[in-house]
*Asks:* 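Got a structure here, written out as structure tokens. Questions coming.
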Amino acid sequence: MSPNLIKILFLSILAWVWAIDAGAHEVGAPFSSAFIEPILLHHAHIEDEQRINFVGFKDLRRGEKEVAAFFSSLELAVTWLDDFSLGSEIFFPFSNTGTVNDQFGLGDIEIQPIKYAFWNKPERVVTGAFSLTLPTGDESQGLGGEQTTLAGKLFVDQAYRNWYLGINTEYAVSVSGPTFSEFEIATGLGYTFIRETGKGIAPARPNQPLVLSLMLEWVSESVLTGAEAGEHVMTLLPGFQLWHTESNWKVRMGIGFPIGSERENDVAGHLQVGNHFDWGQLFK
């Protein structure tokens, strides 16, 4: 697929998603509005979802070189049950690797066919997920790897009044191509300025035009086996989320900084735009 065709496809999907009349919490979802949707972590609560992610890297490591690079992805999620306990999700990554050819193209697609919330309450959700990453990216252009990867994931959302705690763990292993395995653990802390909470549970949709959330995320990634065994990268990301309740859109921004001696880049700027649209409405 040519780079221009990929760009046209990506922009067409983006325009279609933006045209949807959607909610920042899906209609009928019981979850506390203190549940933020972190930038690096994945939230545990399951809803129909569309999200566009943009990341700009300064001094991204590419072998012996340090280059500027751009990454984007489209996330599409669907929930299968009325109680929001079972869902699926797919991630389409697109990037400009900053190589000599300045290639922009599709990376390795990740599919989460099963996401199940075995604890599913307004203030606490614990979800297990199974994911499959396919080698759809061109490794020669730095757009992906040559592995098919299986991963098990655990996501936790916990709210207390206007506070939020998120936890992610993941173990991934290659089942084809070069052998590797890795483990990731991440935590996120957030506070949302919701006037109605008091000493109770934050409402699913606050009665205020603009809702601000502040958040801090920490991610630790360790390669256990393979050519890069022993590599350990940690990232700290402060950021914020703005929810415009009238139009039902959420925007997130943050700056990621590597901490520790091993690093993949110096600074990463993040921008995300998303909403929650009931996919069943397309077929009514």
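Below, all heavy atoms of this structure are taken into account, side chains as well, without hydrogens, waters or symmetry copies.
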*Asks:* Quick one: closest heavy-atom pair of Phe35 and Glu123, and the distance?
*Replies:* CZ-C, 3.6 Å
*Asks:* How long is the span from the OG atom in Ser32 to the CD atom in Gln158, to the nearest 0.5 Å?
*Replies:* 9.5 Å
*Asks:* Does one side chain, of Thr148 or Ser176, offer a donor that lies under 3.5 Å from an acceptor on the other?
*Replies:* yes
*Asks:* Treat each ILVMFWY residue as a node, draw an edge where side-chain heavy atoms are under 4.5 Å apart, and state whether Phe193 and Ile201 are in one component.
*Replies:*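 As far as the 4.5 Å side-chain criterion goes, Ile201 and Phe193 are not connected within one cluster.
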*Asks:* What's the separation between atom CG in Leu41 and atom CD1 in Ile167, rounded to the nearest 0.5 Å?
*Replies:*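 With rounding to 0.5 Å, CG (Leu41) is 9.0 Å from CD1 (Ile167).
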*Asks:* Locate the shortest heavy-atom distance separating Phe118 from Leu154; write the atom from each residue and the value.
*Replies:* CZ-CD1, 3.9 Å
*Asks:* Looking at Ser33 and Pro203, would you say the former's side chain and the latter's main chain have a donor-acceptor pair under 3.5 Å?
*Replies:*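 Side chain of Ser33 to backbone of Pro203, a donor-acceptor pair under 3.5 Å: yes, one is there.
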*Asks:* Taking the side chain as C-beta and beyond, is there a heavy-atom pair between Leu212 and Leu210 under 4.5 Å?
*Replies:*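 SC-SC contact between Leu212 and Leu210 ruled out.
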*Asks:* Starting from Val223, can I reach Val233 by hopping between I/L/V/M/F/W/Y residues whose side chains sit under 4.5 Å apart?
*Replies:*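 In one cluster: no.
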*Asks:* How about Phe92 and Leu76: do any of their side-chain heavy atoms sit closer than 4.5 Å?
*Replies:*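 They are in side-chain contact.
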*Asks:* Output the distance between atom CG (Asn120) and atom CG (Leu81), rounded to the nearest 0.5 Å.
*Replies:* 10.0 Å
*Asks:* Looking at Lys153 and Glu110, does any basic side-chain N land under 4.0 Å from a carboxylate oxygen?
*Replies:* yes
*Asks:* Tell me whether Arg252 contacts the main-chain N or O of Glu37 through its side chain, where contact means a donor paired with an acceptor under 3.5 Å.
*Replies:* yes
*Asks:* State, with a plain yes or no, whether a side-chain heavy atom of Met234 is found less than 4.5 Å away from one of Ser220.
*Replies:*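 Yes - at least one pair of side-chain heavy atoms lies under 4.5 Å apart.
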*Asks:* Quick one: does Ser72's side chain have a donor or acceptor within less than 3.5 Å of a partner on Phe94's backbone?
*Replies:*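 Confirmed, Ser72 side chain pairs with Phe94 backbone.
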*Asks:* Got a donor-acceptor contact below 3.5 angstrom from the Asn162 side chain to the Thr192 backbone?
*Replies:*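 Side chain of Asn162 to backbone of Thr192, a donor-acceptor pair under 3.5 Å: yes, one is there.
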*Asks:* About how many Å separate CG of Leu224 and CD of Glu231, when rounded to the nearest 0.5 Å?
*Replies:* 11.5 Å
*Asks:* Answer yes or no: is there a donor N or O on one side and an acceptor on the other, between the side chain of Thr127 and the main chain of Ala44, under 3.5 Å?
*Replies:*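 Yes.
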*Asks:* Check the pair Ile259, Trp218 against side chain to side chain contact (heavy atoms under 4.5 Å, CB included), reporting the backbone distance first and the verdict last.
*Replies:* CA-CA 10 Å; Ile259 53 178; Trp218 171 83; 3.8 Å; yes
*Asks:* Report yes or no: does Thr245 contribute a side-chain atom to a donor-acceptor pair with the main-chain N or O of Gln208 at less than 3.5 Å?
*Replies:*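 Here the side-chain-to-backbone pair exists.
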*Asks:* Working to the nearest 0.5 Å, report the span between CD1 of Ile90 and OG of Ser131.
*Replies:* 12.0 Å
*Asks:* Mind listing the closest non-hydrogen atom pair of Ser85 and Ile46 along with its distance?
*Replies:*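 Residues Ser85 and Ile46, closest heavy atoms: O-CD1, 3.5 Å.
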*Asks:* How close do Ala34 and Trp163 get, heavy atom to heavy atom, and via which atoms?
*Replies:* CB-O, 4.0 Å
*Asks:* Determine whether a donor-acceptor pair (N or O, by modelled atom type, separation under 3.5 Å) exists between the side chain of Glu75 and the backbone of Glu49.
*Replies:*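 It does not hold such a pair.
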*Asks:* Counting distance only, does the side-chain N/O of Thr136 pair as donor-acceptor with the main-chain N or O of Ile109 below 3.5 Å?
*Replies:* yes
*Asks:* Search all heavy atoms of Gln50 against all heavy atoms of Asn275 and return the closest pair with its distance.
*Replies:* NE2-OD1, 2.5 Å
*Asks:* Indicate if Leu236 and Ile185 have the same hydrophobic cluster label, given that clusters are the connected sets of ILVMFWY residues with side-chain heavy-atom separations under 4.5 angstrom.
*Replies:*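 Both belong to a single hydrophobic cluster.
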*Asks:* Take Phe91 and Asn53 through the side chain to side chain contact (heavy atoms under 4.5 Å, CB included) test and state the conclusion after the steps.
*Replies:* CA-CA 10 Å; Phe91 303 78; Asn53 307 314; 5.6 Å; no
*Asks:* Once you measure the plane-to-plane angle for His276 and His45, does it fall in the parallel (<30°), tilted (30-60°) or perpendicular (>60°) bin?
*Replies:*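 Ring orientation, 0 to 90° scale: tilted.
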*Asks:* Can you tell me if Tyr160 has over 12 outside heavy atoms packed within less than 6.0 Å of its OH?
*Replies:* no
*Asks:* Consider only side-chain N and O atoms of Trp243 and Ser213, and report whether a donor and an acceptor are under 3.5 Å apart.
*Replies:*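 No - no donor-acceptor pair under 3.5 Å links their side chains.
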*Asks:* Same hydrophobic cluster for Phe155 and Tyr164, using side-chain heavy-atom links shorter than 4.5 Å among ILVMFWY?
*Replies:* no
*Asks:* Verify side chain to side chain contact (heavy atoms under 4.5 Å, CB included) between Gln147 and Asp108, making sure each step is shown before the conclusion.
*Replies:* CA-CA 9 Å; Gln147 298 110 329; Asp108 291 345; 5.7 Å; no
*Asks:* Of the non-hydrogen atoms in Val219 and Ala186, which two are nearest, and what is the gap between them?
*Replies:* CG2-CB, 3.8 Å
*Asks:* Would you mind reporting whether Leu150 and Leu132 have side-chain heavy atoms less than 4.5 Å apart?
*Replies:*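 Touching, per the 4.5 Å side-chain cut-off.
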*Asks:* I'd like to know if the side chain of Asp157 reaches the main chain of Val125, judged simply by a donor and an acceptor atom lying under 3.5 Å from each other, with no hydrogens or angles considered.
*Replies:*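 Checking the backbone N and O of Val125 against the side chain of Asp157, no donor-acceptor pair under 3.5 Å is found.
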*Asks:* Rounded to the nearest 0.5 Å, how far does CD of Glu89 lie from OG1 of Thr79?
*Replies:*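 Going from OG1 on Thr79 over to CD on Glu89, the span is 11.0 Å.
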*Asks:* Under 4.5 Å between any side-chain heavy atoms of Val251 and Leu271, yes or no?
*Replies:* yes
*Asks:* Can you hop from Phe240 to Ile52 via hydrophobic side chains spaced under 4.5 Å?
*Replies:*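 Per the 4.5 Å side-chain linkage, Phe240 and Ile52 are co-clustered.
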*Asks:* Between Glu221 and Glu182 (side chain of the first, backbone of the second, donor and acceptor by atom type, cut-off under 3.5 Å), is there such a pair?
*Replies:*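 Pair absent, no side-chain N/O of Glu221 close to backbone of Glu182.
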*Asks:* For a quick check under 3.5 Å, do His42 and Glu170 share a side-chain donor-acceptor pair by atom type?
*Replies:* no
